[in-house]
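Take a look at this one; I'll ask things after.
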Amino acid sequence: MPRRGGLPAYRRAAADCRGCPLHRDATGTVFGRGDPHARLMLVGEQPGDQEDREGVAFVGPAGRLLTRALRDAGIDEEGVYVTNAVKHFKFTQEETRKRRIHKAPSLREALACRPWLEAELRLVSPELIVTLGATAGRALLGPSFRVGTDRGVPRPLPPAGAKGGFDETVREGVRVLATVHPSAVLRARDQDRESMYASLVADLRTAAESL
């Protein structure tokens with residue numbers, strides 16, 4: 001890990017990460033982006049197909065939906081930092097097609113990426129973190145996290161020494177609010193999509209009001 005140089009140094013170092021097997025098939029590491037001094041950080045699961053190809057977080061369909069949801073919640077995306085719990089795209093590939101299909105990262109892969117996430121938390125030092133989906137929620141709040149029961153309410157980030165807790169250099173008092181991943185909204189049935197999107201916006205509005 002770099003000893004100096006801030007987020008740019010960590011981004012360069014992460015590009016050569018070989019901490020888990022995901023680097024073998026992914027195009028490259030997708031580090032976080034946005035305001036390096038943001039009060040609000042958004043943490044998703046992992047890059048998708050388009051993010052992997054472009055090397056930029058949240059630029060695919062889910063990212064575009066997230067941008068719209070942030071706007072509808074009254075949040076200026078320019079003042080937000082967005083990243084993922086896992087920095088490489090994990091996928092399976094259809095034998096008869098070139099399409100790459102998202103596959104959820106394992107606990108080992110999430111743990112391998114944890115030092116990068118800890119560095120982002122320490123360097124950005126947000127007041128509030130919004131986790132998007134189950135993988136991000138477990139990465140920040142521990143293995144017992146469940147989106148359905150734990151979403152929408154700000155809670156303390158587990159302290160150093162607690163199960164799932166973060167390094168003591170991470171800002172004390174930072175809170176976490178969980179919500180669904182935008183990709184879950186996109187995958188929802190037509191009759192459910194509007195209400196799921198409204199719930200996502202409501203959670204993001206709660207996050208804005210908590211700052």
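What you see is a predicted model; the values in this text were computed from it and never measured.
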Output the distance between atom OG1 (T29) and atom CG (D52), rounded to the nearest 0.5 Å.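 That separation rounds to 9.5 Å.
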
Which residue, R33, R68, R71, forms the salt bridge (Lys or Arg N to Asp or Glu O under 4.0 Å) with E77?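 When salt bridge (Lys or Arg N to Asp or Glu O under 4.0 Å) is applied between E77 and each of R33, R68, R71, only R33 qualifies.
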
Is V59 reachable from F89 through a run of hydrophobic residues whose side-chain heavy atoms are each under 4.5 Å from the next?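 F89 does not cluster with V59.
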
Just do the side chain to side chain contact (heavy atoms under 4.5 Å, CB included) check on I75 and L204 with the steps written out, would you? CA-CA 8 Å; I75 297 173; L204 291 174; 4.2 Å; yes

Side-chain heavy-atom pair R151, S199 within 4.5 angstrom cut-off: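 Yes; the side chains approach each other to less than 4.5 Å.
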
If hydrophobic clusters are built by linking Ile, Leu, Val, Met, Phe, Trp and Tyr wherever their side-chain heavy atoms come under 4.5 Å apart, do M196 and L70 end up in the same one?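 Yes.
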
Hey, could you give me the SG/CD distance between C113 and Q46, rounded to the nearest 0.5 Å?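 Those atoms lie 9.5 Å apart.
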
For the CG atom of D150 and the CZ atom of R138, what is their distance to the nearest 0.5 Å?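 Nearest 0.5 Å value for the CG-CZ distance: 11.0 Å.
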
Side chains of P21 and R108, heavy atoms from C-beta outward: is any pair under 4.5 Å?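 Of all side-chain heavy-atom pairs linking R108 with P21, at least one is under 4.5 Å.
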
Interatomic distance, L177 atom CG to T131 atom OG1 [nearest 0.5 angstrom]: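 L177 CG to T131 OG1: 7.5 Å, rounded to 0.5 Å.
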
Given the rule in the side chain to side chain contact (heavy atoms under 4.5 Å, CB included) test, do Y197 and L65 qualify, once you have shown the distances and angles that lead to the verdict? CA-CA 9 Å; Y197 177 77; L65 187 140; 4.0 Å; yes

Write down the atom of A136, the atom of G44, and the distance for their closest heavy-atom approach.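 Where A136 meets G44 most closely, the heavy atoms are CB-O, 3.4 Å.
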
Test of understanding: clusters of I, L, V, M, F, W, Y form through side-chain heavy atoms closer than 4.5 Å, transitively. Do M41 and L200 belong to the same one?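 Yes, because M41 and L200 connect within a single hydrophobic cluster, where side-chain heavy atoms sit under 4.5 Å apart.
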
What's the shortest heavy-atom distance between A208 and A73, and which atoms?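 Nearest heavy atoms, A208 then A73: CB-O, 4.4 Å.
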
For residues Y81 and L7, determine if any side-chain heavy atom of one lies less than 4.5 Å from a side-chain heavy atom of the other.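 Sidechains of L7 and Y81: in contact.
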
For E194, look at atom CD and say whether over 12 heavy atoms of other residues, nucleotides or ligands are found less than 6.0 Å away.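 Not more than 12 within 6.0 Å, no.
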
Minimum heavy-atom separation for A9 to P2, with atom names?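 Reported closest heavy-atom pair: O-CG, 3.6 Å.
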
Closest heavy-atom pair and its distance - V180, L132: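 Smallest interatomic distance, heavy atoms only, reads O-CD2, 3.8 Å.
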
Do C17 and K87 make a side-chain contact, defined as non-hydrogen atoms from C-beta onward lying under 4.5 Å apart?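 Side-chain contact under 4.5 Å: no.
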
Could you tell me whether R18 atom CZ has more than 12 heavy atoms of other residues or ligands within 6.0 Å of it?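 Buried by this count: over 12 neighbours within 6.0 Å.
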
Answer with yes or no whether the hydrophobic clustering places V43 together with V30; edges join I, L, V, M, F, W, Y residues whose side-chain heavy atoms lie under 4.5 Å apart.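 Different clusters.
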
Is there a side-chain contact between D203 and V130, using heavy atoms and a 4.5 Å cut-off?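 No - every pair of side-chain heavy atoms lies 4.5 Å or more apart.
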
What I want to find out is whether D25 reaches R100 closely enough, with some N-O distance under 4.0 Å, to be called a salt bridge.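 Salt bridge between D25 and R100, a charged N being under 4.0 Å from a carboxylate O: no.
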
Do M1 and E118 pass the side chain to side chain contact (heavy atoms under 4.5 Å, CB included) test, and can you show the C-alpha distance, the side-chain angles, and the key distance before you say yes or no? CA-CA 11 Å; M1 290 290 174; E118 281 193 344; over 6 Å; no

Is the closest side-chain heavy-atom distance between H88 and E109 below 4.5 Å?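 Not in contact.
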
Does atom CD (Q191) have a neighbourhood of more than 12 heavy atoms from anything else shown, all under 6.0 Å?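 Above 12, so yes.
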
Less than 4.5 Å apart, side chain to side chain, heavy atoms only: is that true for L140 and L117?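 L140 reaches L117 side chain to side chain.
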
Begin with the C-alpha distance, continue with both residues' side-chain angles, and end with the deciding distance and a verdict on side chain to side chain contact (heavy atoms under 4.5 Å, CB included) for N84 and E51. CA-CA 11 Å; N84 285 295; E51 287 83 2; 5.9 Å; no

Indicate yes or no: at least one non-hydrogen side-chain atom of V185 is less than 4.5 angstrom from one of R193.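 V185 reaches R193 side chain to side chain.
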
Please determine whether residues F31 and V86 belong to a single hydrophobic cluster, defined as Ile, Leu, Val, Met, Phe, Trp and Tyr linked transitively by side-chain heavy-atom distances below 4.5 Å.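 In one cluster with F31: V86, no.
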
Classify the angle between the aromatic ring planes of F58 and H181 as parallel (below 30°), tilted (30 to 60°) or perpendicular (above 60°).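 If you compare the ring of F58 with that of H181, the planes turn out parallel.
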
Would you compute the distance between atom OG of S106 and atom CG of L22 and round it to the nearest 0.5 angstrom?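 Nearest 0.5 Å value for the OG-CG distance: 7.0 Å.
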
Quick check for you: to the nearest 0.5 Å, what is the distance between L157 atom CG and L141 atom CG?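 With rounding to 0.5 Å, CG (L157) is 7.0 Å from CG (L141).
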
